[in-house]
Colleague: 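This is the structure I have questions about; it appears just below.
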Amino acid sequence: MGKYFKEGRREKGEGRKIFYFFLSSILYLLFFGFYGCAVKPYHSQTRLIMGTVMEIVAQDEKAIEAAFKEIEHIDDLMSNYKPESEISRLNKDGQVKASPETLAVVKASKKLFRFSEGAFDITVGPLIKLWNVKGNMQKDASLIRIPGEGKIKEALSCVGTNFIDIDEKNSIIRLKKKSVILDLGAIAAGYAVDRAIAVLKQNGVRNALVNAGGEIYCLGKKGFSYWKVGLQNPRKKDGVADIVKLRNRAVATSGDYEQFFVYENKRYAHIIDPRTGYPVDNGIISVSVFADDCTTADALGTAIFVLGKEKGEQLAKRFKNVEVKIITK
Ligand code: AMP
Ligand code: MG
């Protein structure tokens with residue numbers, strides 16, 4: 001009996017030792033696993049795609065490569081500068097068999113056209129061509145010509161998302177009128193950011209930042225803290241208007257400070273009001289939209305810029321989890 005008791009006590013003591021051994025091992029693994037993950041170096045890579053600087057920050061270089069490939073794939077589908085893109089072929093031939101990606105973006109654009117009562121309109125292409133803001137930015141002021149009323153009216157007659165027809169069953173997009181030109185410049189970059197984030201996640205990445213020239217998504221955290229994003233000061237080059245902390249959230253900014261030209265002391269920026277045919281001039285100089293995905297943030301930013309402060313804020317309220325920061329003149 002005594003022996004049994006003695007041995008029993010010894011077994012109990014060993015059990016406790018084993019228990020503490022396992023506990024400390026688990027704590028050790030947890031601590032160093034977590035710490036190791038947090039301090040593993042971040043890689044930041046930038047590339048020029050979609051006519052803008054694309055930046056991806058993450059800890060896995062192979063995943064970054066895969067995400068850039070996805071962004072290039074989106075550009076191959078939606079660019080207006082690549083003659084073989086689906087959008088270029090649609091603009092040229094009046095119809096195209098579209099990929100699920102292009103269909104998704106055009107469908108989202110149609111929805112926002114309705115919600116914004118025509119302020120957001122991807123058929124703005126003829127007006128973009130006419131105002132040629134990108135081209136005029138490079139020119140000497142004396143060479144800039146402002147389009148006349150007649151030309152604006154002519155372009156306006158080909159503007160309207162109702163000219164886009166989607167044949168869901170056969171994945172075909174058709175343009176119902178000749179000379180209609182789609183331009184996905186207000187939404188494609190945000191969509192590319194979302195696709196890049198999806199690819200990073202598929203590769204096991206849990207913390208990353210993707211920035212497509214100001215359209216940004218922050219996945220997880222950077223180390224122990226939220227990602228910090230500086231919002232551009234619209235009137236100070238390289239100046240920061242605000243610093244925001246984000247986690248699993250997108251922010252996109254539309255402004256009049258990057259693409260514009262000045263003619264007779266007046267600023268003409270690249271966002272056009274499709275209802276008037278003229279570059280927006282409503283007192284807003286910058287709109288930042290925070291949302292759960294970057295497609296919504298990007299498109300909504302442009303829509304609010306056109307609608308103006310009051311109507312823009314009303315539109316934002318119709319979307320879940322959306323916040324807006326507007327800077328006026
Ligand atoms: P963002 O910088 O995201 O606001 O996008 C601006 C770009 O969207 C322009 O360069 C045009 O390609 C396109 N765009 C301009 N005006 C509009 C509009 N009212 N609706 C949709 N896209 C537009
Ligand atoms: Mg936009």
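As the structure lists them, so they are numbered: ligands from 1, and atoms in each ligand from 1.
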Colleague: Run through the side-chain heavy atoms of Ile, Leu, Val, Met, Phe, Trp and Tyr, join any pair under 4.5 Å, and report what else lands in Y81's cluster.
Modeller: none
Colleague: Just to verify, what does L48 make a side chain to side chain contact (heavy atoms under 4.5 Å, CB included) with, not counting sequence neighbours?
Modeller: V53
Colleague: Check whether any N, O or S atom of S254 sits under 2.8 Å from the Mg ion (ligand 2).
Modeller: no
Colleague: Is the shortest side-chain heavy-atom distance between L130 and P147 below 4.5 Å?
Modeller: yes
Colleague: Output yes if I187 passes the N/O/S-under-2.8 Å test against the Mg ion (ligand 2); output no otherwise.
Modeller: no
Colleague: Quick check: of its N, O or S atoms, which one does D298 have closest to the Mg ion (ligand 2)?
Modeller: OD1
Colleague: With a 4.0 angstrom cut-off on heavy atoms, strictly below it, pick out the residues next to ligand 1 and order them by chain and number.
Modeller: A119, F120, D121, V124, I128, D183, G185, A186, E215, S254, H270, I271, I272, P274, D298, T302, V306
Colleague: Should R247 and W227 count as side-chain neighbours, where that means a heavy-atom distance under 4.5 Å?
Modeller: no
Colleague: Partners of E84 by side chain to side chain contact (heavy atoms under 4.5 Å, CB included), sequence neighbours excluded?
Modeller: R89
Colleague: Would you say E101 and M78 make side-chain contact, with heavy atoms under 4.5 Å?
Modeller: yes
Colleague: Would you call I122 and F113 a side-chain contact if the rule is heavy atoms closer than 4.5 Å?
Modeller: no
